[in-house]
Each structure stands twice: as structure tokens, then as C-alpha cells.
Amino acid sequence: MAIALLLVVLASTIGIHLVRVSEPYIHDVLSLRGDSIRGKAIFQINCAGCHGIQADGRVGPSLQNVSKHKSEVGLIQQVISGQTPPMPKFQPSPQEMADLLSYLEKL
Ligand code: HEC
């Protein structure tokens, strides 16, 4: 019984570890310090067409206070996954993503 329990604990620890290392990109982004001024510039070029120049919504929804209902990882996944068309899949460098994140969190 104790061994079975140990195996379960071990398996779940390894599971968590695998998820972390399989997302090195997210890990990189979160380890960088973002610059919201650069993030804003990246936003205006790539995102404002749909989300509005003030991120107040056009084709895409307003992003004001978006960090209140989406986590950092959720925001990164939203940008890189392409899972909610028509929003395209973006491939910013980790630094660009960190900058973008820092801007989104200030909205
Ligand atoms: C072609 C239009 C388009 C572009 C360009 C676009 N988006 Fe979006 N975005 C959308 C749409 C539409 C949704 C709503 C998707 C859904 O949930 O169905 C969305 C959703 C989002 C959300 C989630 C909003 C919420 O309330 O949960 C975030 C965050 C976001 N976009 C950020 C960005 C960022 C950052 C960029 C630029 C890198 C970007 N988007 C570029 C159309 C776009």
C-alpha cells in the first residue's frame, strides 16, 4: 500500500516536471523582465488592428483588465496557440512575448 502511494506521488511529480520542461518557451518568457513600452509598440503593430489602438476592442474583444481573468500562462497561450480563430498564431521571441505580457498586464 505504501509503495503504491509512493508510486502515485512519484508519477505525479514526474508528470508536473514533464509539463514544465515541455514548455521551455513559457518558462523563458516568465523568466524575463518585460518592458511595457516595447510591449505597447509590439501590440500596436500586431494586435491593434483587431483589438483597437487602446486595446478597447474592435474585431477582437477589449483587453482592458484582461489579466484579471487570464493568468500569465493563459495570456501567453492565447497569443501563441492560434486556437481561437480569427486570432492568428503569433511567434514572438521570448523577449517580445515578455514585453507584450507586461503591456497586457497594465491594461
Ligand atoms: C485577426 C484579429 C486578431 C488579431 C490580429 C489579434 N487578435 Fe487577439 N483575439 C481576437 C479574437 C477574435 C479574440 C476572441 C477569441 C475567442 O475567445 O473566441 C481574441 C482574443 C484575445 C485575447 C483573450 C481575451 C480574453 O478576454 O480572454 C487576448 C489576450 C488577445 N486576443 C491578445 C492578442 C494579442 C496580444 C495580439 C497580438 C499579438 C492579438 N490578440 C492579435 C482577434 C485578434
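Below, each value reflects all heavy atoms present in this structure, side chains not excepted, and no hydrogens, waters or symmetry copies. As the structure lists them, so they are numbered: ligands from 1, and atoms in each ligand from 1.
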Which donor-acceptor pairs under 3.5 Å do side chains of residues 44-57 form with protein atoms, sequence neighbours excluded?
from: Gln44; atom 1: NE2; to: Ile53; atom 2: O; distance (Å): 3.3
from: Asn46; atom 1: ND2; to: Ile42; atom 2: O; distance (Å): 2.9
from: His51; atom 1: ND1; to: Pro61; atom 2: O; distance (Å): 2.8

Checklist line | Sequence neighbours excluded - salt bridge (Lys or Arg N to Asp or Glu O under 4.0 Å) pairs with any residue from residues 94-105 | finding: Arg38-Asp99
Notebook entry, point to check: Can you list every salt bridge (Lys or Arg N to Asp or Glu O under 4.0 Å) pair that touches residues 58-70, not counting sequence neighbours?
Noted result: none
Next item on the list: Verify, without hydrogens or angle tests, whether Ser102 (side chain) and Ala98 (backbone) share a donor-acceptor contact under 3.5 angstrom.
Entry: no
Check: Can any side-chain N or O of Ser36 pair as donor or acceptor with the backbone N or O of Gly39 at less than 3.5 Å?
Finding: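 No, the answer is negative, given that no donor and acceptor are paired below the 3.5 Å cut-off.
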If you have a sec, work out which protein heavy atom is nearest [atom] and how many Å separate them, to one decimal?
atom: atom 41 (C) of ligand 1; result: Phe90 CE1, 3.5 Å
atom: atom 12 (C) of ligand 1; result: Pro86 CD, 3.6 Å
atom: atom 25 (C) of ligand 1; result: His69 NE2, 3.4 Å
atom: atom 27 (O) of ligand 1; result: Lys70 NZ, 2.8 Å

Margin query: For a distance under 2.8 Å, give residue and atom name for each protein N, O or S atom next to atom 8 (Fe) of ligand 1.
Written below: His51 NE2, Met87 SD
Next item on the list: For the residue pair Val66 and Leu75, establish whether any side-chain heavy-atom pair is separated by less than 4.5 Å.
Entry: yes
Next item on the list: Would you check if Gln78 and Gln83 make a side-chain contact, meaning some heavy-atom pair closer than 4.5 Å?
Entry: no
Next item on the list: Would you mind finding which of Ile45, Val59, Asn46, Asn65 brings a heavy atom closest to atom 5 (C) of ligand 1?
Entry: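 Residue with the shortest heavy-atom distance to the ligand atom: Asn46.
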Check: What are the two closest heavy atoms between Leu107 and Gln64, and how far apart are they?
Finding: C-OE1, 3.9 Å
Next item on the list: Might you point out which heavy atoms bring Pro94 and Asp28 nearest each other, and give the distance in Å?
Entry: CB-CB, 4.0 Å
Ligand-residue contact atoms, ligand 1 with [X], heavy atoms, under 4.0 Å:
X: Val66; value: 24 (C), 25 (C), 26 (O)
X: Pro88; value: 1 (C), 3 (C), 4 (C), 5 (C)
X: Leu75; value: 29 (C)

Note to self: Below 4.0 Å, non-hydrogen atoms only: which portion of Pro92 touches ligand 1? Side chain, backbone, both or neither.
What the structure shows: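 The answer is neither; Pro92 stays 4.0 Å or more away.
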Notebook entry, point to check: Can you check side-chain contact (heavy atoms from CB on, under 4.5 Å) on Glu72 and Leu101, steps first, answer last?
Noted result: CA-CA 7 Å; Glu72 290 188 314; Leu101 195 57; 4.2 Å; yes
